[in-house]
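Inspection log for the structure reproduced underneath, given as structure tokens.
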Number of protein chains: 2
Amino acid sequence: MDKRSISSSMEDYLKTIFELGETSVKTQTLAEELSVSSASVTGMLKKLSDLKLVHYERYHGVSLSKAGRLIALETLRHHRLIETYLTEALGYSWHEVHDEAEKLEHHISEDFEDRIAELLGHPTYDPHGDPIPQRDGSVPVSLGKPLTEQHEQETLVITRVKEQKGDVLKYLAEHQLIPGSEITLIQKAPFNGPLTIKTSRQTVALAFELAKLIEVERLAVLDSSS
Amino acid sequence: MDKRSISSSMEDYLKTIFELGETSVKTQTLAEELSVSSASVTGMLKKLSDLKLVHYERYHGVSLSKAGRLIALETLRHHRLIETYLTEALGYSWHEVHDEAEKLEHHISEDFEDRIAELLGHPTYDPHGDPIPQRDGSVPVSLGKPLTEQHEQETLVITRVKEQKGDVLKYLAEHQLIPGSEITLIQKAPFNGPLTIKTSRQTVALAFELAKLIEVERLAVLDSSS
DNA sequence: TAAAAAACTTAGTCTTGCTTAAAAATAGTT
DNA sequence: AACTATTTTTAAGCAAGACTAAGTTTTTTA
Ligand SMILES: [Mn+2]
Ligand SMILES: [Mn+2]
Ligand SMILES: [Mn+2]
Ligand SMILES: [Mn+2]
């Protein structure tokens, strides 16, 4: 319960479990995501379990407890608010914010959090379209669906880009593939092949795996609701 | 030499040695300032000495090496830029910034440092009047002298308040005793007794020890130089 | 100047978070 | 169902940075 006894490391574990897990998360998956050994993960899971922050059954994966979920959301809120702030207030590009936020998320005070949230007008989405958990623990909904699930010839708006790597994000931004951009899906090659997309400026081909990370909404839906 | 191998703890030790020491700093002084045991200090000094960041002679105190001084200045620059930024950009009061800066100073990137410095117009003093070390390692001069060394009836401008404690700073601010304020030294009680000061709004009595932490310049000097 | 006091260092532990290597459990395959 | 491959856990240990208790060195004082 005492927030002050949660280390940066624990926060990263809880946040990562949240991000990975609709359902229960496997040791190895966590290990890869956090770049530590499986043995390290097992050790940390035991500790988090003792603190009642996760439900952990040996050999069968983890999931977050109520208390653990709150800490995960709090950390994620810090991360995404910081990303938004760095972009809006300090002129960072969206591909530069992740690493800075990954460190700062553990070290800002609640006061700092409140101040930048206020200054940004209590934003609900970060520069990548990721929902920013709110102070009450609620998480804004994401209505978008992966670009790979859309039909050809559809005109779409990008709502979210689920990618962290700076170089990929930089590439996408150079081609206007950022939240808010309007695009048309020209062609989907069969057998999970590349997708051809028309942006306001040009036509781009995207690998299936990358396109899967881009979430979009149908333009018509947006228009009728506004 | 490799900045990446310097821990937060080391940065705090180096910064504190810099702040305490014109000359060599004693183990116990450091221990008190950092709120750790003397044994911990000895242990860390040995490590810093191995890394050539300090000159350390057993039983005879430490001082910074060239390399150690650079790290101390870098950390202090972070600290004071952050304090300034929190005040100017996020609306913090000057008594709230220290604790936040104490943590963040170790976790911001050089890019972040540059961006806030730029945004603030490359400031030379922080909200307390402390000089902000510059990127090239130079430190702006402080011309002020302690209030306790001034003559009665002198009209003065506060240039610096060398106090960290939030409650004291809050009190001082409530009485306009902040850098930039014009004051008159009405009376100095003998035997290091309290000082009576007139501000723009009222007359205040300050304990000698507190007044010693307030640095001022003579108003005439300021006028002639402007 | 020698004893007492104060300051400092050494020695031995603890905690946190990580590692590798070995053992155990689960999952997959014939 | 038994054997093998994979995953996970246990065991042992390292590095930081802190602590307490005990031993040294320096400083003070009588
Ligand atoms: Mn992190
Ligand atoms: Mn994001
Ligand atoms: Mn610090
Ligand atoms: Mn300051």
Side-chain angles (χ1 to χ4, degrees), chain A residues 1-17 20-21 23-64 68 71-72 75 102-103 105-107, chain B residues 1-17 20-21 23-64 68 71-72 75 102-103 105-107:
Chain A
M1 230 67 342
D2 186 13
K3 280 277 296 300
R4 269 125 295 241
S5 63
I6 307 291
S7 66
S8 300
S9 210
M10 287 168 153
E11 285 180 353
D12 275 338
Y13 274 84
L14 294 170
K15 189 186 65 163
T16 305
I17 294 168
L20 290 176
T23 163
S24 117
V25 178
K26 294 212 181 72
T27 299
Q28 206 162 39
T29 317
L30 264 175
E32 279 162 20
E33 196 67 19
L34 292 163
S35 305
V36 296
S37 69
S38 311
S40 303
V41 173
T42 300
M44 182 59 93
L45 292 185
K46 271 198 281 195
K47 198 182 318 176
L48 293 174
S49 184
D50 290 347
L51 291 170
K52 310 280 189 200
L53 297 175
V54 297
H55 304 299
Y56 169 52
E57 245 187 309
R58 256 158 76 261
Y59 290 101
H60 293 284
V62 247
S63 59
L64 295 175
I71 294 172
T75 308
E102 194 61 42
K103 282 172 50 178
E105 63 188 2
H106 311 292
H107 303 290
Chain B
M1 231 66 342
D2 186 14
K3 279 277 296 301
R4 266 126 297 240
S5 65
I6 309 292
S7 66
S8 300
S9 210
M10 287 166 154
E11 286 180 354
D12 276 338
Y13 274 86
L14 294 171
K15 188 186 66 164
T16 306
I17 294 168
L20 291 175
T23 163
S24 116
V25 178
K26 292 212 184 72
T27 298
Q28 207 161 41
T29 318
L30 263 176
E32 278 162 21
E33 195 68 21
L34 292 163
S35 304
V36 295
S37 70
S38 313
S40 301
V41 172
T42 300
M44 182 59 94
L45 292 185
K46 270 198 282 193
K47 198 181 318 176
L48 293 173
S49 184
D50 289 347
L51 291 170
K52 311 279 188 201
L53 297 175
V54 297
H55 303 297
Y56 170 51
E57 245 187 311
R58 257 157 76 256
Y59 292 101
H60 290 94
V62 248
S63 58
L64 295 175
I71 294 172
T75 308
E102 194 62 42
K103 281 172 52 177
E105 63 189 1
H106 310 292
H107 303 289

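Below, chain A is the first sequence line, B the second, and so on; all start at residue 1.
- The CG atom of B:Asp12 lies 12.5 Å from the NZ atom of B:Lys103; values are rounded to the nearest 0.5 Å.
- Atom NE2 of A:His60 sits about 11.5 Å away from atom NZ of A:Lys26, to the nearest 0.5 Å.
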Is there any protein nitrogen or oxygen under 3.5 Å from a nitrogen or oxygen in nucleotides 14-17 of chain C, and what are the pairs?
from	atom 1	to	atom 2	distance (Å)
C:dG17	OP1	A:Ser7	OG	2.4
C:dG17	OP2	A:Lys47	NZ	2.3

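- Here C:dT9 presents its C1' atom at 16 Å from CG of B:Leu48, a figure rounded to the nearest Å.
- Contacts of A:Ser63 classified as side-chain contact (heavy atoms from CB on, under 4.5 Å), with partners at least two apart in sequence or in another chain: A:His55.
- Expressed to the nearest 0.5 Å, how far NE2 of A:His106 lies from NE2 of B:His107 amounts to 9.5 Å.
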Distance-only donor-acceptor pairs under 3.5 Å for side chains of residues 33-53 of chain B, two or more places apart:
from	atom 1	to	atom 2	distance (Å)
B:Ser37	OG	B:Ser40	N	3.2
B:Ser37	OG	B:Ser40	OG	2.9
B:Thr42	OG1	B:Ser38	O	3.3

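- Nearest approach of B:Val25 to B:Ile17, heavy atoms of both residues: CG2-O, 3.8 Å.
- From the 5' end on, the contacts that DNA chain D makes with chain B at under 4.0 Å to a non-hydrogen atom open and close at D:dA16 to D:dT26.
- To the nearest 0.5 Å, the span separating CD on B:Glu11 from OG1 on B:Thr75 amounts to 4.0 Å.
- Expressed to the nearest 0.5 Å, how far CD of A:Glu32 lies from OG1 of A:Thr27 amounts to 11.0 Å.
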Anything under 3.5 Å between a protein N or O and an N or O of nucleotides 20-26 of chain C, put it in a table, one pair a line.
from	atom 1	to	atom 2	distance (Å)
C:dA25	O4'	A:Tyr59	OH	3.3

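- By the salt bridge (Lys or Arg N to Asp or Glu O under 4.0 Å) test, A:Glu57 pairs with no residue at all, sequence neighbours left out.
- Between B:Lys26 and C:dA6, a side-chain N or O to OP1/OP2 separation shorter than 4.0 Å is absent.
- Shown here for A:Leu64 and A:Ala72, the closest heavy-atom pair between the two residues is CD1-CB, 4.0 Å.
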